[in-house]
Amino acid sequence: MIGRTQITGVVLAGGRGTRMGGVDKGLQPYRGQPLAWHALQRLQSQTDTCLINANWHPEQYAAWGAAVLADDLPDHPGPLAGVAVALAHCRTPWLVTVPCDCPLFPEDLVARLASALDAAGGDLAVAAVAAPGAAGGVRLQPVFCLMQVRLLPDLQAFLAGGGRKVEDWIRRLAHVPVVFPDAAAFVNVNTMAELQALQHPRLAEVTARQPGYDPDNLPADAVQRVLAQFVAPVRAQEVVGIFDALGRVLAQDIVSPISVPPHDNAAMDGFAFDGAALAPDAPLRLRVVGQVRAGDVWTGALEPGQAVRITTGAMMPAGLDTVIPHELAAADGDGLTIPAGLLQRGDNRRCRGEDLLQGTAALRQGERLGPAALGLIASLGIGAVPVVRRLRVAFFSTGSEIVSLGEPARAGAVYDSNRYTLFGLLRRLGVEVLDRGAVRDDPAALEAAFLDAAQQADAIITSGGVGVGEADFTQETMRRLCGHPDQIAFWRIAMRPGRPMAVGRISAATAAGRASAVLFGLPGNPVAVMVTFLAFVRPALLRMMGARPEPTPLLRARSTQALRKKPGRTEYQRGRVETDASGQLQVTPSGHQGSGVLRSMVEANGLIVLHHDQGEVAAGDEVAVMMFDGVI
């Protein structure tokens, strides 16, 4: 089985960029970062190690922490020259290649290529997309390959014979084409006009790339793909103190100014000595001549046959490289005997830079800083960090039936719960929260609320008024303020709960200036609001915050009950995960699953995720669970 640790990735950024006016294509800005940076971040999450093939500005590429390799061949003869140099320097059995100018390639690219090779065997798998008019009904994406390193001699012979096209080389080999459903994921940037169009695409352009796009029956994973391509991260940065950095997104790599640890040190309490004196078949007798404690520096001279008592973390004296723990040493006064075969040279020593070498990236741009990251930054002597400015998110509820807290109850009305749920979800996410209250079904009031929010926020979230046949003015106001049909979509998602959802980009001129914000219109039912937020809005907001895209982790647990489910939609059922008597995880649905029943959401600690094509679940079957801990 081909695992991630067996694969090295390479970003091919060695081209001349002639169609972009001769600029270094990989360094052209896209959504706040260079094109090649996006490709590298996406590839790093899928492989063990990453390289960059670049022939110009190597210092800029090297700043991202990956090794930079220039072509070995003269005149830089296309992507194959980069593939050849990467194969020559690869230290794993497999190499995967991606171009620098395709920032949206699939996040499961490597896993799917590896799985295909595991099933079919062979030395090379290549991505492909459906193309009815092409030979075999597919079109290869030849720069997206997973290959055995042992193909290097064949590639060198091909290049020596004048071969230059990647596809020509692939077709002379036994290769496995792997068809991906989303052709738009492989769209590359060749001109400045194409780059500009990709920066802020219209929603209609993004949805048109989705195979079989149907707004009235849209699979949940298609919604996630659309939003990933539609939203863009904010660009503004600020520097904050370490106590204010928790939950913030790192705007630049943190490069370590020191090595950690800064010197060789003892991994445990014991005696330090020169391990060269160890013999495999004879005990070693040493004389203890002093002691070194953590924080001290040994300045004395040590002769052969001498050792020092040492505490955990203490700096190793010069010439000593091995520690025997106290409990294993036979000590007698100032004498010490080490039995034969007990230790090897270098045992129980932590080497300088073992955790982190000076000049290497300690944390990557896009990292969302947690407690461990704050500790790591502090361990480097850094007290302030560059972060992306906080995302500003405005939210309000819509509907004349909504009663806000503090108002008297009335017949036919309900107290607003969605605002408080959204407040909690957004506050937990770490954005700047802008509460705009509840807005009645009145065109003028709705328009004023949307425009006010769009002038102050990067994103707007509403609840209610987006379902088919809704008897209010919310949809009409959204359409008008988005300005063009290409910038707004009303979806019926193949999911339960939470079928209706609106997405768009408000763009309107006001007396105070331009109002612009990404819009998320969620259903009105309380549980549907939470589920659509967790499934779609939260990942989109994280991208807008500048965080590296990472799929939401799902646990596997045995269902204690049979679950009814028809293929053709994704279902999110509230459940409670516990450990059974044998220590295995099990999950039980928590109460009534109606989309308006918040109590069952409170009683749950996760969502049972029943995927689109999944059918009935029998008691005892494993299911996927999205845990709430750390999310809500």
Side-chain angles (χ1 to χ4, degrees), residues 29-33 35 38-39 41-42 101-109 127 129-131 141 180-235 391 454 458-461 466 475 478-479 481-495 500-507 516-522 532-533 535-549 551 570 612:
Y30 167 69
R31 296 191 173 190
Q33 299 294 339
L35 274 171
H38 289 277
Q41 300 306 306
R42 190 159 288 209
D101 57 1
C102 187
L104 302 174
F105 67 82
E107 294 177 355
D108 62 349
L109 172 77
V129 296
Q141 304 296 311
F180 287 77
D182 185 8
F186 296 98
V187 171
N188 65 321
V189 178
N190 286 313
T191 66
M192 286 296 186
E194 290 174 349
L195 179 59
Q196 186 60 34
L198 199 63
Q199 298 281 7
H200 296 289
R202 291 182 179 274
L203 184 59
E205 295 171 358
V206 176
T207 57
R209 300 171 190 159
Q210 306 304 314
Y213 172 73
D214 180 0
D216 292 323
N217 191 33
L218 193 61
D221 59 354
V223 176
Q224 292 161 348
R225 290 197 303 269
V226 168
L227 293 178
Q229 297 175 35
F230 181 59
V231 303
V234 299
R235 298 185 180 185
L391 192 72
D458 305 294
I460 302 170
I461 303 174
V466 295
Q475 289 193 35
M478 289 177 174
R479 285 191 174 95
L481 294 181
C482 285
H484 195 283
D486 284 357
Q487 289 286 46
I488 183 75
F490 294 90
W491 293 328
R492 290 176 63 80
I493 305 171
M495 67 180 294
M501 182 176 176
V503 170
R505 181 177 283 114
I506 289 178
S507 183
S516 179
V518 175
L519 169 67
F520 302 98
L522 306 186
T532 50
F533 181 94
F536 309 126
V537 179
R538 185 177 185 274
L541 294 180
L542 282 168
R543 288 177 183 271
M544 295 180 71
M545 291 164 62
R548 288 200 303 270
T570 302
H612 187 85

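- Under the side-chain contact (heavy atoms from CB on, under 4.5 Å) criterion, Pro201 pairs with Arg31, Glu205, Val206, Arg209, sequence neighbours left out.
- Residues forming a side-chain hydrogen bond (donor to acceptor under 3.5 Å, both in side chains) with Asn190 (at least two apart in sequence, or on another chain): Arg19, Lys25, Asn188.
- Within the model, atoms OG1 of Thr532 and CZ of Phe520 stand 11.0 Å from one another, a figure rounded to the nearest 0.5 Å.
- Heavy-atom minimum distance, Asp458 versus Met544: O-CE, 3.6 Å.
- Using a 4.5 Å heavy-atom cutoff, the side chains of Val503 and Val226 are not in contact.
- A distance of 9.5 Å separates CG in Leu542 from CG in Leu391, rounded to the nearest 0.5 Å.
- Between Ile460 and Ala454 the shortest heavy-atom distance is CD1-N, 3.7 Å.
- Here CG of Leu481 is found 11.5 Å from OG of Ser516. Values are rounded to the nearest 0.5 Å.
- Note that CD1 of Ile506 and CG of Leu519 are 5.0 Å apart. Values are rounded to the nearest 0.5 Å.
- Side chain of His38 to main chain of Leu104: no donor-acceptor pair is present (N/O by atom type, distance under 3.5 Å, no hydrogens or angles).
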Working note: Ile461 + Leu522, criterion side-chain contact (heavy atoms from CB on, under 4.5 Å); need CA distance, chi angles, decisive distance, verdict. CA-CA 7 Å; Ile461 303 174; Leu522 306 186; 3.7 Å; yes

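- For Arg42, the salt bridge (Lys or Arg N to Asp or Glu O under 4.0 Å) partners are Glu107, not counting sequence neighbours.
- Annotation for Leu109 and Ala127: closest pair CD1-CB, 4.2 Å, computed over non-hydrogen atoms.
- With rounding to the nearest 0.5 Å, the separation of CD in Gln229 from CG in Leu203 is 10.5 Å.
- Taking all atoms of both residues into account, the shortest heavy-atom contact from Pro181 to Pro211 is O-CG, 2.8 Å.
- Contacts of Arg202 classified as salt bridge (Lys or Arg N to Asp or Glu O under 4.0 Å), with partners at least two apart in sequence or in another chain: none.
- Take Pro215 and apply the side-chain contact (heavy atoms from CB on, under 4.5 Å) test, not counting sequence neighbours, and it matches Tyr213, Trp491.
- Partners of Ala228 under the side-chain contact (heavy atoms from CB on, under 4.5 Å) rule, at least two apart in sequence or in another chain, are Arg543.
- By the ring-ring contact (aromatic ring centres under 6.0 Å, His included) test, Phe490 pairs with no residue at all, sequence neighbours left out.
- For the atom pair Leu218 CG and Thr207 OG1, the distance stands at 9.0 Å (nearest 0.5 Å).
- Annotation for Ala494 and Asn217: closest pair CB-OD1, 3.4 Å, computed over non-hydrogen atoms.
- Looking at residues two or more places apart in sequence or on another chain, you find a side-chain contact (heavy atoms from CB on, under 4.5 Å) between Ala535 and Tyr572.
- The shortest distance between side-chain heavy atoms of Val466 and Met501 does not fall below 4.5 Å.
- Remark: Gln41 engages no residue in a side-chain hydrogen bond (donor to acceptor under 3.5 Å, both in side chains) (not counting sequence neighbours).
- Scanning for ring-ring contact (aromatic ring centres under 6.0 Å, His included) contacts around Phe186 gives Phe144, Phe180, with sequence neighbours left out.
- The minimum heavy-atom distance between Ala459 and Leu541, with the atom names listed, is CB-CD2, 4.0 Å.
- For the side-chain hydrogen bond (donor to acceptor under 3.5 Å, both in side chains) test, residues two or more places apart in sequence or in another chain that qualify with Ser507 are Arg514.
- Ile493 is listed as a side-chain neighbour of Phe536, based on a closest heavy-atom distance under 4.5 Å.
- A distance-only check finds a donor-acceptor pair linking the side chain of Arg505 to the backbone of Phe230 [under 3.5 Å].
- Residues passing the salt bridge (Lys or Arg N to Asp or Glu O under 4.0 Å) test with Asp221 are Arg225, sequence neighbours excluded.
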